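Below is one structure, written out as structure tokens; comments come after it.
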There are 2 protein chains.
Amino acid sequence: MANSDESATIYEVAQRAGVSIATVSRALRGTGPVAAKTRERVLRAVEELRFTPSRLGVSLASGRHAANGIVFPDLSGPYFAEVLLGYEEVASELGRSVIILSTRGRAAVPDLVRDLSRRVDGMVIFGQTVRDDVVAEIVASGLPLVMIARDTVAGADVVSSENTESAARLARHLLGHGYRRFALAGGHDNGDITQRWTSIGQVLGDHGLTPPEPSPCEFTVEGGYALGRSLLSGPRPEAIVCADDQVALGVILAAEELGLSVPGDVAITGWDDIMAARHARPALTTVRQPMRDLGARAARALDELITGSRDAPSSQVIPTELVVRASCGPHPLEEA
Amino acid sequence: MANSDESATIYEVAQRAGVSIATVSRALRGTGPVAAKTRERVLRAVEELRFTPSRLGVSLASGRHAANGIVFPDLSGPYFAEVLLGYEEVASELGRSVIILSTRGRAAVPDLVRDLSRRVDGMVIFGQTVRDDVVAEIVASGLPLVMIARDTVAGADVVSSENTESAARLARHLLGHGYRRFALAGGHDNGDITQRWTSIGQVLGDHGLTPPEPSPCEFTVEGGYALGRSLLSGPRPEAIVCADDQVALGVILAAEELGLSVPGDVAITGWDDIMAARHARPALTTVRQPMRDLGARAARALDELITGSRDAPSSQVIPTELVVRASCGPHPLEEA
DNA sequence: GAGAAAAATGTAAGCGCTTACATGAGCGAG
DNA sequence: CTCGCTCATGTAAGCGCTTACATTTTTCTC
């Protein structure tokens, strides 16, 4: 029962079973023929020694890590956690471990990413977490790479969720409420959010309105709160479209504190449909992103790249869903 | 500029620099003396070849993975994501990658855990995600192990957050509101939650009340909703203490749907203080867990175990904080 | 029952590094 | 100028596996 501290090697198994290490390897991996009796003896030895192959040995010899990386900015909001969840689930099914790397507050991101790239068979990177030249370096190294929520990158797959059409839908919905003075909460990040602002600007323009300049803020509840205080203190917009739900929740908090009613005095919308959106007061109108699916698809795409079952880079856009709740105003004519 | 697909090895660097691989290794790792000129030549070759050492080679030769594992049940709620966040941050600082493993819906958990254990220098496991015999196996193998939110395990560190005293505090607070008929939402899981129920039961008993039997439910909003419907349909309790915030949010939803006012008709409390707790309607009285800190401490404890800077297993209990909001009733005498 | 093909097993060369030990070069002291 | 050190560097043995190839054993076929 008492195991030695160090676990057994394939040599010890071979010796105990009275065969060569090659036979042990074959018996265990099923590559090459092994007589039934021999296999049994090997398995018994494996059992008795509680042998598990060293991953390092296996990986070094076979040339694959059986691990994938994923790089995201943060894990504090629900967004990335959900994507990660979907990713891990699929990756694990495909027999790959997942190594995570969060860049928030990290100084030497390029080094960390390079380091990560040396211990995986492929990796997923969220848009805007890693400098373009580093991404290019990864691509050039031949490492299979999938980008999430980013515009196309030569040599890498891209998986993102639909922004343009859903943002337009949201804008039209708000126009339908009769709002004309809009504010956009959350600056550009050159990724998803820029697409949304552009699309909303377009719709507003089509309706003869001057598209507002997005007001930058941190994509957190606190960031939204701070921005909300300032947006709601001056000449008040009728509707504040927020870059994500967390910002929207912060803006709602600010409105509440200023004694303003939502949506009575100002309509507020978010993006993502995180858990808190449903439970907020008022419940938040938002656009549901298929976050888990995003991760799952990234994992599948990456697997295809790694196994080489697909040659050309692919680019997937996953549809989103407008979720209308109370924060954008009363809805006499119920819309799906 | 055009790199070959496969990245360079230490041999190519050595050749280019006109030295032996040993010298390259020494120059790069700073082990052993290297003449300034030589070092320079090596570094130039490294630069030109864009050489990065193969992790597998390094690990196999040096015997360390420079990676830690973490096993959790799920990533869908905010709880585990926050812990993971704190964990990754510290682990990364300490130069260790983090490999994650989520057990939710996974069939062969023991195999997955064993597999993980072969590719890390140490791992963290959340209580109740892995069978006790598998945990024992890991411990026996000599792999440094830290358990989170679990009662003590021989041979492993334990990091958990305080439950007994904070649960008692919560119970006393509710008694102070005058509530006498309690319900406990969420069954035992033999970990944190059992401790809380026990403590609450104790306090109620001390006050001459019969402690209620906890009603099992899934630890999700949906689980809480389902249980809430049933708890609130029969003879109604005055206060429902929920195992975590998600359950509490579900119960609030159920109450709302049944036309009951919270806290007017029934008081509801959660546990964890997730983001949605603050934004819920009504805002949720709950107990804040230092989730990020939990992860950070686990990472540090694990590091001590791995480097051997500490010999005896340690057991840390992190204090929690009662957060009183609206969902448990009006508070004439403001309590900290 | 001999010979050939098929099946089973063994041998040994890596995979890309680290590092103990051996060797060689440079330098001050006598 | 030589001896004995010290500093630099090279050599080679692993680390624990996989796998191509060589070798031995079985199993058929006629």
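Note that this is a predicted model, so its numbers are computed, not measured. Reminder, nothing fancy here: chain letters follow the sequence lines and each chain counts from 1.
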Inset, instruction - Indicate whether the side chain of A:Arg118 and that of B:Ser54 have a donor and an acceptor atom separated by less than 3.5 Å. - result: no

Legend entry - Heavy-atom side-chain contact between A:Gln128 and A:Pro73 under 4.5 Å: no

Legend entry - Heavy-atom side-chain contact between A:Val124 and A:Val71 under 4.5 Å: no

Legend entry - Crowding at CZ, B:Arg64 (>12 non-hydrogen neighbours, <6.0 Å): no

Legend entry - Protein-nucleotide distance (B:Glu12, atom CD; C:dC17, atom C1'), rounded to Å: 14 Å

Legend entry - Between D:dT18 (C1') and B:Leu56 (CG): distance, integer Å: 13 Å

Inset, instruction - Ignoring hydrogens and angles, tell me if any N or O in the side chain of B:Thr307 forms a donor-acceptor pair with the backbone of B:Asp303 under 3.5 Å. - result: yes

Inset, instruction - From the options C:dT18, C:dT19, D:dG16, select the nucleotide whose nearest atom is closest to the side chain of B:Thr31. - result: C:dT19

Inset, instruction - Look at all strands and tell whether A:Ser25 reaches a base, only sugar-phosphate, or nothing, counting heavy atoms closer than 4.0 Å. - result: base

Legend entry - Distance-only donor-acceptor test, A:Tyr11 side-chain atoms vs D:dC17 base atoms, 3.5 Å: yes

Legend entry - Length of the CG-P vector between B:Leu60 and C:dG14, whole Å: 17 Å

Legend entry - Value in whole Å for how far the P atom of C:dG16 lies from CZ of B:Phe51: 10 Å

Pairwise N/O distances under 3.5 Å, protein to nucleotides 8-11 of chain C:
from	atom 1	to	atom 2	distance (Å)
C:dT9	OP1	A:Thr38	OG1	2.2
C:dT9	OP2	A:Ala35	N	2.8
C:dT9	OP2	A:Thr38	OG1	3.3
C:dG10	OP2	A:Ser20	N	2.7
C:dG10	OP2	A:Ser20	OG	3.1
C:dG10	OP2	A:Thr23	OG1	2.9
C:dG10	N7	A:Arg26	NH2	2.8
C:dG10	O6	A:Arg26	NH1	3.1

Legend entry - B:Arg150 side chain near B:Val153 side chain, heavy-atom distance below 4.5 Å: yes

Legend entry - Between D:dC17 (C1') and A:Arg29 (CZ): distance, integer Å: 9 Å

Inset, instruction - To the nearest Å, give me how far apart NZ (A:Lys37) and C1' (C:dA7) are. - result: 15 Å

Legend entry - Whole-Å distance separating the CG atom of A:Leu28 from the C1' atom of D:dG16: 13 Å

Inset, instruction - Quickly work out the B:His65 NE2 to D:dG16 C1' distance and round it to whole Å. - result: 11 Å

Legend entry - Student check: side-chain heavy atoms of A:Tyr87 and A:Ile148 closer than 4.5 Å: no

